[in-house]
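Just so you know, ligand 1 is whichever comes first in the structure, and atom 1 is the first atom listed for that ligand.
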Amino acid sequence: MTAPTPSVRDRIQALPATELPAYLYDLAALREHAASVRAALPERVELYYAAKANPEPEIVAALGPYVDGYEVSSGGELAHVGKAVPGRPLAFGGPGKTPAEITAALEQGVTRFHVESVHELRVLAELATRTAPDTRVGVLLRFNLPLSTASLAGSSLAMGGRPTPFGLDPAEADAAVHLLTDGTCPRLELRGVHAHLASGLDAAEQLAVAESVVAWAAALAARHRIRLAEVNVGGGMNVDYGAPEDRFDWVAYGAGLARLTAAHPGLTLRIEPGRALTAYCGWYATEVLDIKRSHGEEFAVVRGGTHHLRTPATKGHDQPCSVLPVDTWPHPWPRPAAGGGRVTLTGQLCTPKDLLARHVPAAGLRAGDRVAFGLAGAYAWNISHHDFLMHPRPGFHFLNRTADVPFGAAALGPA
Ligand SMILES: *Cc1c(COP(=O)(O)O)cnc(C)c1O
């Protein structure tokens, strides 16, 4: 399962063991996936990539033809993404924006601010008067809206509908809208509402969330007699690490969003997935260093570990993997090998938490074999605690850099 693509597999097999572990990204697979996501989305639905999922410049740039813009959540991401894809629209979100970050964003010409609190709104208004006196700055108010229990059922990381530091409380909505419409914030233009409420939702759940966010935003706009131009319904499309072949149903989601935009003429919807765009294009490949038995269970210790690929430790899952057998064995003594049962794959860290995948059906796995962990293209290297235990960093390989398929007009988002 999650076997590497042929180009990734060939590269893993060609690398000397000393150049493992390594991250390998198949940019052709990324482009193909992003094109299919784009193609599933109807008119008046914009696709932004949430850069925090994987900010590698090659990834950010490869997504360029398929996305309408990028969501950045810090001054660091702002500068980094601005350099990787100069001139592309950026939306600046995230709690706790500092005045320096807001100023940098204004100077960089960020097109949308996702405002998280009334205080942040006032700071932005003041800085916009100073920094960008001749422009109008687009604002989406981010709200922590109630989620119905039905739509929450499958969610792994709920950020809305319960006490969190994210967004404005719905009780503050009227006051925030007043500030934006009564002349207090002359440089700011209220464009609409933002909500990123949960992650790990399937298409039906995501649609239910989108419908309820849009209904809530439309009622707010009607109450204040303002035009609702945009609603950003966030990211959080599910990636199933236990069943990697079951991908989020973008076609069903797109069809549902089409019904939603049809019901709201003049409204632009925006989504900002991260994980579900890039998870599938990355692999973390390594070598089995040793096989051992301990109290009746078998363990394979691999080069590297969760200090490079923290995803299974943070999410408490088993990272899907496949074995690439290596037939040569350089030593005169017997090769350590697993028996016929299941093997737990661990890393080199001196902590029992360094588990990459438990009880993998890898009968006969040997020291010297290679293992490729899939779904490692999002929230993997960039969320890991690299310096813990001071092992060397992995290599990075970006394969199929150039597009071998021309981009059709259909691959481009609405202007
Ligand atoms: C993290 C985040 C996203 C992306 O979430 P995924 O689960 O990676 O799709 C989108 N919007 C906001 C505000 C976020 O914090």
Side-chain angles (χ1 to χ4, degrees), residues 30 33-34 37 40-41 45-56 59-60 63 66-74 76-78 81 89-97 101 105 110 112-117 120 139-145 147 151-152 154-161 164-168 192-203 205-207 209-210 213 230-241 247-250 253 257 269-282 310-311 314-315 317 375-383:
L30 176 62
H33 176 57
V37 170
L41 298 175
V45 176
E46 293 186 352
L47 174 62
Y48 274 47
Y49 172 54
K52 81 169 189 281
N54 187 335
E56 291 290 347
I59 301 273
V60 166
L63 287 170
Y66 312 101
V67 299
D68 299 282
Y70 297 82
E71 191 259 354
V72 297
S73 296
S74 72
E77 284 188 358
L78 174 75
V81 174
L90 302 181
F92 187 19
K97 300 178 190 75
E101 288 176 317
V110 156
R112 290 293 174 273
F113 283 82
H114 300 161
V115 170
E116 295 257 345
S117 76
E120 188 182 295
V139 165
L140 298 186
L141 293 172
R142 178 180 182 179
F143 287 102
N144 176 356
L145 298 177
L147 276 176
S151 55
L152 246 181
S155 165
S156 59
L157 269 182
M159 302 174 91
T164 72
F166 306 111
L168 291 127
V193 162
H194 174 279
H196 171 73
L197 298 174
S199 49
L201 301 186
D202 68 22
E205 294 166 333
Q206 278 283 1
L207 259 183
V209 170
V213 171
E230 299 169 19
V231 175
N232 183 327
V233 294
M237 292 70 185
N238 190 41
V239 168
D240 191 339
Y241 291 85
R247 297 206 185 178
F248 185 83
D249 190 346
W250 289 100
Y253 186 55
L257 293 182
L269 284 178
R270 191 171 299 133
I271 62 172
E272 49 183 24
R275 191 187 303 273
L277 282 180
T278 56
Y280 301 101
C281 78
R310 194 162 177 239
T311 328
T314 50
K315 289 187 69 81
H317 66 217
L375 273 59
Y379 304 104
W381 166 250
N382 67 318
I383 63 156

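Ligand 1 has no nitrogen or oxygen under 3.5 angstrom from a nitrogen or oxygen of Glu71. Looking at ligand 1, you won't find any N or O of His194 less than 3.5 Å from one of its N or O atoms. An N or O contact shorter than 3.5 Å links Gly274 to ligand 1 by distance. Considering backbone and side-chain N/O atoms, Ser199 never comes within less than 3.5 Å of an N/O atom of ligand 1.
A salt bridge links Glu230 to Arg270: one of the charged nitrogens lies within less than 4.0 Å of a carboxylate oxygen.
When each atom of ligand 1 is checked for a heavy atom of Arg275 under 4.0 Å away, the hits are 6 (P), 8 (O), 9 (O). Of all atoms in ligand 1, numbered sequentially from 1 with element shown, those under 4.0 Å from a heavy atom of Pro273 are 9 (O). Here is the list of ligand 1 atoms found below 4.0 Å of a heavy atom in Gly235: 9 (O), 10 (C). Remark: ligand 1 atoms within the under-4.0 Å shell around heavy atoms of Tyr379 are 1 (C), 4 (C), 5 (O), 6 (P), 8 (O). Per-residue contacts place Ala50 under 4.0 angstrom from the following atoms of ligand 1 (heavy atoms of the residue considered): 3 (C), 4 (C), 10 (C).
At a 4.0 Å cut-off, not a single heavy atom of Ala276 sits close enough to ligand 1 to count as contact. Using a 4.0 Å heavy-atom cutoff, Phe166 is absent from the residues neighbouring ligand 1.
Only the side chain of Lys52 comes within 4.0 Å of ligand 1, judged by heavy-atom distances. Residue contacts with ligand 1, taken as heavy atom pairs separated by less than 4.0 Å, involve Glu272 via backbone and side-chain atoms alike.
By the ring pair (Phe, Tyr, Trp, His ring centres under 6.0 Å) test, Tyr280 is found to be paired with His33, residues two or more places apart in sequence or in another chain being considered. Ala279 is linked by a side-chain contact (heavy atoms from CB on, under 4.5 Å) to Val239, Arg275, Ala378, counting only residues two or more places apart in sequence or in another chain.
Considering CG of Leu30 and OH of Tyr66, their distance stands at 8.5 Å, rounded to 0.5 Å. Here the CG-OG1 distance, from Leu63 to Thr278, works out to 7.0 Å after rounding to the nearest 0.5 Å. Distance check, rounded to the nearest 0.5 Å: CZ of Phe92 to CZ of Phe113 gives 7.0 Å.
Between Phe248 and Leu277 the shortest side-chain heavy-atom distance does not fall below 4.5 Å.
Judged by distance alone, the side chains of Asn144 and Thr164 do bring a donor and an acceptor atom under 3.5 Å apart. Glu272 and His194 form a side-chain donor-acceptor contact under 3.5 Å, judged by distance and modelled atom types alone.
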